[in-house]
Amino acid sequence: MRLFAAIQLSPAVREALLTAQADLRRQGRGSFPPPENLHLTLAFLGETADLPGARAALNAAACRPFTLAVGGTLGHFGDLWWAGVRADPALEDLALSLQADLRARGFRLEDRPFRPHITLVRRWQGEDPQVTVPHASMVVRRISLLRSDQQDGKRIYRELSHISLR
């Protein structure tokens, strides 16, 4: 199964991102994640059968609730355009400690710096978009372990477990 650990977004943050997606749709074409799939990835585990190990790493994560804020200009990796989030030491510490725990449990994660973002469109076709994400924020109180399945040509994310931050 294909797994990842993520922060699921509040309605207010999701609405700000959907506004940016609507602006993107007016300026070009691409593959837009549906509203229910918008999230911030903390660690991508990829294909694995070790659900108990993934759950154990998630359960071992320790962090107090913190604020996640979006807003401003877009960034991109090639033809993937994303909304950035305001830098927060708690977010980075959470992601890096979770990734370290997963690696210690034998998971092979990508070896690249953590760059928190929320994907708005993949395979962008058009000029560089002129889009500003409206400002919105939420308090992150939980993180989720999600399974990604392909169904009828679409990605479906299912929460397998979660922990509350305290």
Side-chain angles (χ1 to χ4, degrees), residues 1-48 63 65-100 102-103 107-159:
M1 70 191 96
R2 189 173 189 245
L3 302 179
F4 61 99
I7 296 169
Q8 299 197 68
L9 305 172
S10 71
V13 169
R14 182 174 284 121
E15 202 54 46
L17 299 171
L18 292 175
T19 298
Q21 274 190 331
D23 290 345
L24 281 164
R25 288 177 197 273
R26 286 189 282 276
Q27 296 180 38
R29 294 189 319 268
S31 176
F32 293 86
E36 64 273 13
N37 284 4
L38 294 172
H39 66 278
L40 189 147
T41 301
L42 297 169
F44 181 72
L45 288 67
E47 290 291 335
T48 181
C63 181
F66 61 91
T67 300
L68 175 76
V70 299
T73 58
L74 302 182
H76 69 101
F77 306 126
D79 65 355
L80 183 149
W81 288 81
W82 46 263
V85 300
R86 185 181 68 213
D88 187 302
L91 171 60
E92 186 166 356
D93 290 348
L94 173 62
L96 295 179
S97 66
L98 178 59
Q99 291 172 16
L102 287 162
R103 283 187 180 97
F107 289 92
R108 294 182 150 189
L109 306 182
E110 296 173 318
D111 189 25
R112 62 179 178 189
F114 177 64
R115 184 144 186 203
H117 66 279
I118 302 161
T119 299
L120 298 177
V121 62
R122 292 176 177 83
R123 296 182 293 285
W124 174 255
Q125 297 175 23
E127 300 296 319
D128 285 358
Q130 303 302 308
V131 172
T132 300
V133 178
H135 291 277
S137 64
M138 63 180 273
V139 176
V140 176
R141 298 185 189 283
R142 62 185 260 164
I143 59 174
S144 301
L145 180 65
L146 300 172
R147 176 179 177 160
S148 173
D149 293 307
Q150 190 82 14
Q151 187 176 336
D152 299 325
K154 297 180 180 175
R155 282 274 164 214
I156 306 294
Y157 299 154
R158 293 181 177 92
E159 184 178 73

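In this text the structure is predicted, and so the values were computed from the model without any measurement.
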Across all chains, not counting sequence neighbours, the side chain to side chain donor-acceptor pair (under 3.5 Å) partners of Q150 are R155
Among residues at least two apart in sequence or on other chains, which ones pass ring-ring contact (aromatic ring centres under 6.0 Å, His included) with F32? none
Report yes if the side chains of V131 and W81 come closer than 4.5 Å at any heavy-atom pair, otherwise no. no
State which residues pass side chain to side chain donor-acceptor pair (under 3.5 Å) with R108; sequence neighbours excluded, sorted by chain then number. none
The reported gap from CG in L98 to CZ in F107 (rounded to nearest 0.5 angstrom) is 10.0 Å
Where is the tightest heavy-atom contact between L38 and T119, given as atom of each residue plus distance? CD2-O, 3.4 Å
Under the side chain to side chain donor-acceptor pair (under 3.5 Å) test, which residues partner D149, sequence neighbours left out? R147, R158
Applying salt bridge (charged side-chain N to carboxylate O under 4.0 Å, His left out), which residue pairs with at least one partner in residues 83-93 are found, sequence neighbours left out? none
Just so I know, are the side chains of V133 and I118 near enough to count as touching, which here means a heavy-atom distance under 4.5 Å? no
Less than 4.5 Å apart, side chain to side chain, heavy atoms only: is that true for L40 and L91? yes
Using ring-ring contact (aromatic ring centres under 6.0 Å, His included) as the criterion, list what pairs up with F77, not counting sequence neighbours. W82, H117
Heavy-atom pair with the smallest gap, counting every atom of L146 and A6: CD1-CB, 4.0 Å
In a table with atom names and distances, give each donor-acceptor pair under 3.5 Å that connects a side chain of residues 14-21 to protein atoms at least two apart or in another chain.
unit_1 : atom_1 : unit_2 : atom_2 : d
R14    : NE     : P35    : O      : 2.8
T19    : OG1    : E15    : O      : 3.1
Q21    : NE2    : P33    : O      : 3.2
Q21    : NE2    : L120   : O      : 2.9

Hey, could you give me each pair passing side chain to side chain donor-acceptor pair (under 3.5 Å) that has a residue in residues 29-43? Not counting sequence neighbours. R29-Q125, S31-R123, H39-T41
Could you give the side-chain donor-acceptor pairs of residues 68-76 under 3.5 Å, partners two or more places apart or in another chain?
unit_1 : atom_1 : unit_2 : atom_2 : d
H76    : ND1    : G78    : O      : 2.9

Could you measure the distance from the CG atom of L45 to the CG atom of L102? Nearest 0.5 Å is fine. 5.0 Å
Sequence neighbours excluded, the answer for side chain to side chain donor-acceptor pair (under 3.5 Å) partners of R103 is none
Scanning both residues in full, the closest heavy-atom pair of A43 with Q99 reads CB-CG, 3.8 Å
Flag, side chain of Q27 to backbone of R25, donor-acceptor distance under 3.5 Å: no
Would you say the side chain of Y157 lies within less than 4.5 Å of the side chain of S144, judging by non-hydrogen atoms? no
If the condition is salt bridge (charged side-chain N to carboxylate O under 4.0 Å, His left out), which residues does E127 pass it with, not counting sequence neighbours? none
